[in-house]
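Let me begin by presenting the structure, written as structure tokens, before commenting on it.
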2 protein chains.
Amino acid sequence: MAATMQDVARLAGVSAKTVSNVVNSHPHVAEATRLKVQAAIDKLGYELNVTARNLRKGRTGLIGLALPELKLPYFAELADSVMVEAEKAGLGVLIEQTNSDRDREIGVLHGQLRLMTDGLIFSPLALGMDDIHMFKVDFPLVLLGERVFGSANDHITMSNVEAAKAATLHLIAAGCRRIALIGAHPGEVVGSAALREQGYRAALQEAGLPVDEQLVRPSEYWHRGTGAAATDELIESGVEFDALFALNDALAMGAMHSLHAHRIDVPGDVSVFGFDDIEDAAYTRPTLSSVSPGRDQIAREAVQILEARVAEAHAPFDQRQPVHRIYADFELVPRESSRRPQVIDGAAGAKTSPAKLAH
Amino acid sequence: MAATMQDVARLAGVSAKTVSNVVNSHPHVAEATRLKVQAAIDKLGYELNVTARNLRKGRTGLIGLALPELKLPYFAELADSVMVEAEKAGLGVLIEQTNSDRDREIGVLHGQLRLMTDGLIFSPLALGMDDIHMFKVDFPLVLLGERVFGSANDHITMSNVEAAKAATLHLIAAGCRRIALIGAHPGEVVGSAALREQGYRAALQEAGLPVDEQLVRPSEYWHRGTGAAATDELIESGVEFDALFALNDALAMGAMHSLHAHRIDVPGDVSVFGFDDIEDAAYTRPTLSSVSPGRDQIAREAVQILEARVAEAHAPFDQRQPVHRIYADFELVPRESSRRPQVIDGAAGAKTSPAKLAH
DNA sequence: CATGCCATATACATCGTTGAAAGGGTAGAC
DNA sequence: GTCTACCCTTTCAACGATGTATATGGCATG
């Protein structure tokens, strides 16, 4: 059986509380006592029982992170960033995958695991504006993404409209005139798809270009396979286009796959722009232009806000911070896939000095 | 303040233990009582305090998963599989990233987070045979990977030698005669690199082909960037080769990037075979042949063994299971990158019916 | 010399739950 | 009518740590 503080105390000839004081580097502990206790700890191989401490303190030192799927590179990278930030704050991260499933997303808010955490960072993909009441919970909750607006939760998102507009304008500046959109969610009002499409339309309008609805291609899921399928359909429909703006990088990668299979050259015949700037983007062929969404900033703010909420959970209501609503900065990262045809030089391109387009 | 069992008990007019019995679906609870208690629970919005239960039960219901980096697709997919398995067993997963850093890997075995878990699944990349004593710990620990053999821990790995041999033989069967190896770790005796290289050499020998040491290219890290760099060097060295066997898919993707930049056609001029069969492999251009390492099986066995160890932790020593040493099955997944030149048809290839080469 | 302060250490209750053991009641067996 | 058996429920004492209040002794202050 593992040793307890009592065991250590007995061996060191002090009280359990003194052992506790040593372990927690309490200020007023005599050096001699500290050494005695430390010796006893080492001898017994004592390890603090964190569960007992948690019970006493009413906190677990863990935060939850609920996201659709770790396999999706964007979320793997987000999880990475969140874990790095959490570690700085001395917190552990309990990850839950929702698979974008409605029931699982609800489960995240009420399940067993939730009870083991002090708070939750949640990136919903299935729950939306209609479910806003579900986010009224009595534990610290920070929402990420674009599914929900106007709830009473802290919320971190990015400037989707502006970012999509900037990406589209970049394609226009490169000479593209018939820019297809891959990954639309028709009928959606909020959500990444709707907002990015909005930015796309705004850019066309600003440039005085018409929107051809045939170029707006829906795709419910944003995976490589669906991106390839949507592009196949677009090509087979016979509609002309000279650029593709994919609403995320996975779609873009699938699209490039499809273009290649149809012997359409990127960027010679068609330029491609993605969204998320996942690490893969620098290694596709050709390298993929994309929008970098400020992942680190999102993770940092999310953890910091959550931490502050956990800390104030036991404070009087009137001392609490107002609800945060944060828009993370973005950057355009142009790479080979969106070069003007005449500028192609075939060189392998890593991230080129990105146009900083701070919000 | 959150309600406790006492509060519920008072409201329902029963004892706290009865509330506990209801919450835990204890067999002998009168239906009337159950309803009374349930009503009180609903009315108060009572939620079980998991920490208190954990303290009482001496278990946390969490397992640790220590891996190098979630951003590496292989580990993201592994984490996914582990979480799915853990959920089936009613366990949560606390992920820690080591970044292949020695101190961090040691920290994983002794840090704060470890104390919050019932056991650990650990895939070390920095610690090796010299550190075998470190794995002698008094909590359930399942090791993954090829860094350590012969320790007294449960250990799950794959048949690296056989898998690498099969992949190399596949290239040979496709007509390749000068097969370069990317990602070697010279001097290493165990570890994925050493074992896979061993399989590579075995295949060449079996086919009666000589090993040209100039074709064995080292690369300490197995990332896309290093794969590209190693391939650049290989090309610039002027050594002839007609195939590349990359020791993981990231290296392979980097290699294909480099080959493309040098206008070398895959598989026309050079065939490429990777290792790990990450999801990306089906979407590279050309699609990447790879070895599928039985990730799901690894995850399943790891969680099941760990769970069994946790369960028997309080059992007498003589009733414990012997140490497990499991070799997961693998499969070859040939795709476009290793087709014989004359067989190329340019079609987009998803996972083609893979040659099952069970171990 | 009395007073108060500070550093140090302790005793005790407590966080919220559950296992063990025991109590009360009803029903069927003899 | 008593006994046994079983169902349902309760009481009590943990699990292992820490906050609060308190005790002790030394030292400085007035």
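Because the structure is predicted, anything quoted here is derived from the model rather than measured. First the proteins, then the strands, lettered A, B, ... as listed; each starts at 1.
Remark: the B:R56 side chain and the C:dT17 base include no donor-acceptor N/O pair separated by less than 3.5 Å.
Within the nucleic acid shown, B:V23 has no heavy atom closer than 4.0 Å to any nucleic acid atom. B:V50 comes within 4.0 angstrom of nothing in the nucleic acid, heavy atoms only.
One finds a side-chain N or O of A:T18 lying less than 4.0 angstrom from the OP1 or OP2 phosphate oxygen of C:dT10. Between A:S20 and the phosphate of D:dT18, there is a side-chain N or O to OP1/OP2 separation shorter than 4.0 Å. Side-chain N/O atoms of A:N49 include none lying less than 4.0 angstrom from OP1 or OP2 on D:dC15. The phosphate of C:dT18 (OP1 or OP2) has a side-chain N or O of B:N24 nearer than 4.0 angstrom. OP1 and OP2 of D:dG16 both lie 4.0 Å or more from every side-chain N or O belonging to A:T4.
Using a cutoff of 4.0 Å between basic side-chain nitrogens and carboxylate oxygens, A:E85 and A:K88 are scored as salt-bridged. The pair A:R34-A:E31 meets the salt-bridge criterion, with a side-chain N (NZ, NE, NH1 or NH2) lying under 4.0 Å from an Asp/Glu carboxylate O.
Both A:A52 and B:E31 lie close to DNA chain D; mapped to their nearest nucleotides by heavy-atom distance, the more 5′-ward contact belongs to B:E31.
Taking only side-chain atoms of A:A30, from C-beta outward, the nucleotide of C:dT10, C:dA9, D:dG16 with the closest atom is C:dA9.
Judged by distance alone, with hydrogens and angles left aside, the side-chain atoms of B:D42 form no donor-acceptor pair with the main-chain N or O of B:A39 at under 3.5 Å. Under the 3.5 Å distance criterion, the side-chain polar atoms of A:D329 are left unmatched by any main-chain donor or acceptor of A:G294.
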